Each structure stands twice: as C-alpha cells, then as structure tokens.
Amino acid sequence: MICLGIESTAHTFGIGIVTHDKILANVRDSYAPKEGGIHPREASEHHASVCDSVLKQALKKAKISLEQVDLVAFSNAPGIAHMLRVGAVFARTLSKVLKVPLVPVNHCIAHVEIGRRTVGCKDPVTLYVSGANTQIIAYQGGLYRIFAETLDMGVGNFIDTFARYAGIPFPGGPVIEKLAKKGKYVELPYSVKGMDVSFTGILTNLRNKLKTHRLEDLCYSMQEHVFAMLVEVSERALAHMQKNELLLTGGVASNSRLREMCKVMCKDRGAKFYVPKKEYCVDNGAMIAVLGLLMHDSGAKFKKKDYCINQRQRTDEVKVLWR
Ligand code: ATP
Ligand code: FE2
C-alpha cells in the first residue's frame, strides 16, 4: 500500500510517500518571511503556489505515478488555519480524484510516530521542540498524553523572537547556536512551573540585557538555561512513567547543545537517547504519511467533522488504536 502524506500546519509545505517498508520520498518547501515572523496569508500563498511542484517532485523521487497512490493523509491539526486549509483542500481534492480514502492526522503525534519508525525506539518519552510547539509526550492508557508543555510560546518561536530583537533574521536558532559557542555565563531567570515551562519572562529579561551584555554571552546563557529546563522536565517524565527511552524531535532538535544535554541526562539514568535524521525532525510530509498508514491499518473510522481543520486539537484528543 502506498500512502501520500501532506504537511501544511505552519511554514512548511511537504509531501511524503511511504509504504509499510520504505519511505519513498520526502519533499518539502518552506516559506521564509523577508522580515519579522510568519505572516499567515503569505505562508498560505506560498503553500498554494508550491503544492503542485512539490507533488511532482515527490512522485518523481518515489518513482511512482499519482494513480498508484492508495491512501492520502494530511495534517488537519494543530496549526495555523490559513496554512492548514491549503493542505486540507489539496488532500481532499487528491482523494476525490483518485477515489482513495483520506486520513486526517495530528501533526504532533506524527512527529512521535516517524521517530518510532525510523530510529527504532519502542515506547519513548518524546521531547518535541519546534517553533510553535514544546511538549513532552508519552503513550499511556490508549492516548498520547502531554506530560509537560510550554505555558506561553514554543521554544523555537522564543529563540526566533530573541534573535529578531538582536537583529538576526528568521530562523534565528542556527545563528544563535553558533554565537553561543563564543559566550560566557550570565544569570537569567529559570522558569519551570511544576512540569511546565515558560519563556516570556526570560525573553523580556534577555531583551533588556541586549543593551548591556555581549550577544554571545546572552546566546550561550539562554541555551544553558532554557535547555536545562527542558531536560529537567524530560527527566521527571521518564522517572514518573518509568520509561527508559527519550526521543528528541522538532526543528530545535537540530541544536547540538540540546542533544548533548539530553544525552548526558539519559546516560546518567541508564536511558537510551534517540534523535531522528534532521529531515524527519523538522516538519515533513513523510511523518504524516507514516501516521496515516498506521491509522488506516488500525481501522480508524472518520466522521465528516474529523476531516475539518482543527487549529487547537490537543495531542491527547486522538484515540490511539494502532498501539
Ligand atoms: P511546528 O509547526 O511543529 O511548530 P515549525 O514550523 O516551527 O514546526 P520546524 O522546522 O519543526 O518548524 O522548527 C523550526 C524551528 O527550529 C525554528 O524556530 C528554528 O529557529 C528552530 N531551529 C532550527 N535549528 C535550530 C538550532 N540549531 N538551534 C535552535 N533552534 C533551531
Ligand atoms: Fe512540527
């Protein structure tokens, strides 16, 4: 069975083509704002303008024709409505034209499932850190539950906003990581509340310190504080649930300091640490296809309203029939 997955929750439009044994293609095209943050209308126009060419490239890469597709999956939640709608319309059209079933997929769960499929962990605690999302997810009692999350913004957006204040264009993460290598320690707030984390206070503090401190020192200290917060709650989640695998994913998983801190924590408690290949950590269509296939195989049934976009669906609202 060949499943075609469509991702369009945020700044990336992606199409992945997968079978039960192989990931045949994973093509994506991302919108980057000329200045400032993501502009929803511009991002959705970007997606609409690239969807045909991304599809063509994906089919070519997979060496299949469109008619060979047996199943279409799309990320219907959570995300920004403008962009979600482009993916939804594209997916519905393909499924109608090809006369194949359509599977609505939760984007956050797809990040976990492509991790499980490509790196071989079985029952991980997942630290999912991207632009809009910061969640610690683990499977328990038929659901992917959120054991910890951000109380305000996603860690990637936090890093990008700090970068913007410092005059670094989007995406700021990779530049900040480089600058951090030349920095020294400066005290910043440390904001863990129970199992949750919060970033807006640290952001204001950093913004104020931009006038008085070296940027390199702020980048270094930001990473040390914020990643320590994420690792602290990840460790607590591992301990509470007595799980022994940590899966790090999302765009911020590219950061080598965050990886190193996760690795050290896992080593200390005898847990295994996993990070998927970068193309499967960032937003991508293959993960949507992987989860679409799992849901289809599990016999999941959908009502008309399930095919609608759902900007705010939470990870634990989806019944997990495939585990
Ligand atoms: P989502 O829709 O899941 O929130 P997204 O649209 O933000 O995802 P991703 O590609 O998963 O897309 O993540 C992008 C984020 O990752 C950006 O905020 C970017 O700054 C951050 N990022 C990328 N590389 C690094 C890095 N080396 N260090 C820190 N952050 C990074
Ligand atoms: Fe994502």
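Please read all numbers here as calculations on a predicted model, not as lab measurements. Each ligand, and each atom within it, is numbered from 1 in the order the structure gives.
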Q) Considering only the protein, which heavy-atom contact is closest to atom 15 (C) of ligand 1, and what is its distance? A) Gly131 N, 3.9 Å

Q. When rounded to the nearest 0.5 angstrom, what distance separates SG in Cys308 from CZ in Phe302?
A. 13.0 Å

Q.
Using a strict threshold of under 4.0 Å (side-chain N to carboxylate O), is an ion pair present between Glu260 and Lys263?
A. no

Q. Got the closest protein heavy atom to atom 21 (C) of ligand 1, with its distance?
A. Val252 CG2, 3.9 Å

Q | Interfacing atoms of ligand 1 (cut-off 4.0 Å, heavy-atom, Pro171) | A | 19 (C), 20 (O)

Q) Once the angle between the rings of Tyr185 and His225 is folded into 0 to 90°, is it parallel (under 30°), tilted (30 to 60°) or perpendicular (over 60°)? A) parallel

Q | CG on Leu84 to NE2 on His82, rounded to 0.5 Å | A | 10.5 Å

Q. To the nearest 0.1 Å, how far is atom 3 (O) of ligand 1 from its closest protein heavy atom, and which atom is that?
A. Tyr128 OH, 2.4 Å

Q: Check His111 and report its N/O/S atom nearest to the Fe ion (ligand 2), by atom name.
A: NE2

Q) Under 4.0 Å from ligand 1, counting heavy atoms only, is it the side chain of Ala10, its backbone, both or neither? A) side chain

Q. Which atoms from ligand 1 have a heavy atom of Gly156 less than 4.0 Å away?
A. 18 (O)

Q | The one among Asp283, Ile38, Val226 that brings a heavy atom closest to atom 5 (P) of ligand 1 | A | Asp283

Q) For atom 1 (P) of ligand 1, what's the nearest protein heavy atom and its distance? A) Ser130 OG, 3.2 Å

Q) What atoms of ligand 1 come closer than 4.0 angstrom to any heavy atom of Asn133? A) 1 (P), 3 (O), 4 (O)

Q. Tell me, which protein residue and heavy-atom name are nearest atom 17 (C) of ligand 1, and how many Å apart are they?
A. Asp160 OD2, 3.4 Å

Q. Taking all non-hydrogen atoms of both residues, which atom of Ala237 and which atom of Val125 are closest, and how far apart?
A. CB-CG1, 4.0 Å

Q: Check all N, O or S atoms of His107 and name the one closest to the Fe ion (ligand 2).
A: NE2

(Q) Between His11 and Phe170, is the ring centroid distance below 6.0 Å? (A) yes

Q) Would you say Thr9 has an N, O or S atom lying under 2.8 Å from the Fe ion (ligand 2)? A) no

(Q) Which of the numbered atoms in ligand 1 are under 4.0 angstrom from any heavy atom belonging to Ala132? (A) 4 (O), 7 (O)

Q) Closest to the Fe ion (ligand 2), which N/O/S atom of Asp283 is it? A) OD1

Q) For ligand 1, which atoms sit closer than 4.0 Å to a heavy atom of Val282? A) 10 (O), 11 (O)

Q: With Arg323 as the cation and Tyr139 as the aromatic partner, state whether NZ or CZ is under 6.0 Å from the six-membered ring centre and within 45° of the axis.
A: yes

Q.
Under 2.8 Å from the Fe ion (ligand 2) - does any N, O or S atom of Cys108 fall there?
A. no

**Q.** Parallel, tilted or perpendicular: rings of His107 and Tyr128 (30°, 60°)
**A.** tilted

Q.
Looking only at side-chain N and O atoms, does Glu7 offer a donor or acceptor that is under 3.5 Å from a partner on Thr12?
A. no

Q. Crowded around Arg257 CZ? As in, over 12 foreign heavy atoms under 6.0 Å?
A. yes

